[in-house]
Amino acid sequence: MVIANRLYVSIERTGNIKMSKLLIEGGYKLKGKVNIGGFKNAAVAIIPAAIIAGDKCIIENLPNIDDVHALENILQQMGTDAKFDPDKKTMFIDSSKIESCHANYDVAKELRASYYLLGAGLGRFKKAKVAFPGGCDIGSRPIDQHIKGFEALGAKVKINHGIIEVEAEELIGTEIYLDVASVGATINIMMAAVRAKGKTIIENAAKEPHIVDVANFLNSMGADIKGAGTDVIRIYGVEKMKGSTYSVIPDQIEAGTYMVMTAATGGDVIIDNVIPKHLEPITAKLKEMGVKIKEYGESLRVVADSPLKKVNIKTLVYPGFPTDLQQPIAALLTIAKGTSIVTETIYEGRFKHVDELKRMGAKIKVDGRIAVIEGVEGLSGAKVKATDLRAGAALVVAALIADGTTEISNVHYIDRGYEIIEEKLLGLGAKIKRE
Ligand code: EPU
């Protein structure tokens, strides 16, 4: 009976999401205050990490997004007692009764972050079996660095029929140098190494804020991780871990997107519940464009009352400009005075929003990893489709600018990473509805 109900909920959810469209009438200035949710990319690692202790955890400040619902579903299918309360933004996870970590294709394909079950399963059981992860199609997304890390710790990795199987008799601390400073590999190796014998050192580790958040969560469960947030992370293996209650950091990408939306409409918005330090790369670029930004502890005020100037953007690992905000800011640059150059160094396939923006009157030329954006007077509403999560956010930015109504389809991509986007935008005075 419980399983039947769960299935019903999941089918109903998917059905609604896949069919829905956002209709946005552009030209209204955003005004007021928006509250930023928990960081998606931290949440999707912290939820799988919770199984490592084999105890009860409560994860707070989770965003109410599809990726969190998908992980709740994966944990439940594995036999974990997991319950997400979207109103309280909290997930209760009791993994004490599970004896293995196994995610099949049907559930793993729903999101990229299902690969974190490999590291979490190794950390808890010294083994895991997970189908190749899904996620947005933004270019090739290899996991060779994750595998290199697992193998260095002593695990055997087999890939058969689309399933990745990792298993170790014993995990032994070692030194791992990452060829690329991968967020996913850094987190996965930390999770696998927390209960390994001895010390693991990750060199050329990623430094993104969510690496620190995941390390803090693991430490709250009894792990001993030092140096997260720098490019050398030391993990001292511990024998036992325990459950914990932990609150996820605010979503810097959601915050950055609302900052861009405010700038796009010439608005005046308080972006509340943020860590301003994490927003520095986007704050600096928006200021360069002529947007006024003031910091107030845990909030920022964004005021856009003068014409926007062109800027050049190059995506880089943290603290460089985040690839996840490249698409939203590209939409803003379509109406900046002058010609801007956007260079995408992380994902070669992250320009799929460009053709859709062109339908709305944008002037953009793409050559490989470079987009040349010539500012135009304005955009016009059109029927467009989101091709991935941040491309969807870029189309919302463009729709807020455009003259007339824009109809955005494939909204399920946006729902993967932006909670109650239409409610938040309605609260800021946008004309938006979901159909
Ligand atoms: N890479 C490798 N080998 C690996 C891993 C990565 O070559 O084993 C390369 C990738 O191809 C890419 C670069 O390294 O060129 C960075 O990849 P990384 O591993 O850092 O990214 P990820 O873990 O797959 C996470 C976020 C992405 C975000 C990136 C970069 C999650 C679930 N995903 O992906 O988020 O763009 O870090 O910050 O946390 C999004 O939120 O829209 C999104 C795509």
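Ligands are counted one by one from 1 in listed order, and the atoms in each one are counted from 1 as well.
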- Indicate, as side chain, backbone, both or neither, the part of Tyr115 found under 4.0 angstrom from ligand 1 when only non-hydrogen atoms are considered. side chain

- May I ask you to check if ligand 1 and Asp144 share an N or O to N or O distance below 3.5 Å? yes

- Spacing of Ile163 atom CD1 and Phe132 atom CZ [to the nearest 0.5 Å]: 10.0 Å

- Task: Flag the pair Asp251 and Lys40 as a salt bridge only when some basic side-chain nitrogen lies within less than 4.0 angstrom of an acidic carboxylate oxygen.
- Result: no

- Derivation and outcome, salt bridge (Lys or Arg N to Asp or Glu O under 4.0 Å), residues Glu151 and Lys156: CA-CA 6 Å; Glu151 286 177 341; Lys156 291 214 163 41; over 6 Å; no

- Query: Looking only at N/O atoms, are Ala185 and ligand 1 under 3.5 Å apart anywhere?
  - Reply: no

- Task: Flag His210 as yes when one of its N or O atoms lies below 3.5 Å from any N or O atom of ligand 1, and as no otherwise.
- Result: no

- Query: Which ligand 1 atoms are under 4.0 Å away from a heavy-atom of Gln145?
  - Reply: 3 (N), 4 (C), 8 (O)

- Item | Interfacing atoms of ligand 1 (cut-off 4.0 Å, heavy-atom, Arg350) | 36 (O), 40 (C), 42 (O), 43 (C), 44 (C)

- Quick one: which of Asn204, Asn188, Asp179, Thr186 gives a side chain to side chain donor-acceptor pair (under 3.5 Å) with Gln145? Asp179

- Task: Mark yes or no for whether Glu344, through its side chain, and Arg369, through its backbone, hold a donor-acceptor pair below 3.5 Å.
- Result: no

- Note on the structure: Check: of Thr345, Asp179, Asp388, Val183, min heavy-atom distance to atom 18 (P) of ligand 1 comes from Val183

- Lys40 neighbourhood, listing ligand 1 atoms whose heavy-atom distance to it stays under 4.0 Å: 40 (C), 41 (O)

- Message: Looking only at side-chain N and O atoms, does Tyr418 offer a donor or acceptor that is under 3.5 Å from a partner on Thr257?
- Response: yes

- Item | Proximal ligand 1 atoms for Leu389, defined as those under 4.0 Å from one of its heavy atoms | 42 (O)

- Query: Under 4.0 Å from ligand 1, counting heavy atoms only, is it the side chain of Tyr347, its backbone, both or neither?
  - Reply: side chain

- Contact with ligand 1 for Gln327, non-hydrogen, under 4.0 angstrom: no

- Query: Given Ile346, Val180, Asp324, Thr323, which one has a non-hydrogen atom that is nearest to atom 14 (O) of ligand 1?
  - Reply: Val180

- Task: Using a strict cut-off of less than 4.0 Å between a Lys/Arg side-chain nitrogen and an Asp/Glu carboxylate oxygen, indicate whether Lys89 and Glu419 qualify as a salt bridge.
- Result: yes

- Task: Could you tell me whether Arg434 and Asp415 make a salt bridge, using a distance below 4.0 angstrom between a side-chain N and a carboxylate O?
- Result: yes

- Considering only heavy atoms of Gly184, which atoms of ligand 1 have at least one such atom less than 4.0 Å away? 19 (O), 23 (O)

- Query: Does a side-chain N-to-carboxylate-O contact under 4.0 Å join Lys242 and Asp55?
  - Reply: no

- Query: Looking only at heavy atoms, is any part of Arg390 under 4.0 Å from ligand 1, and if so is it the side chain, the backbone, or both, or is it neither?
  - Reply: side chain

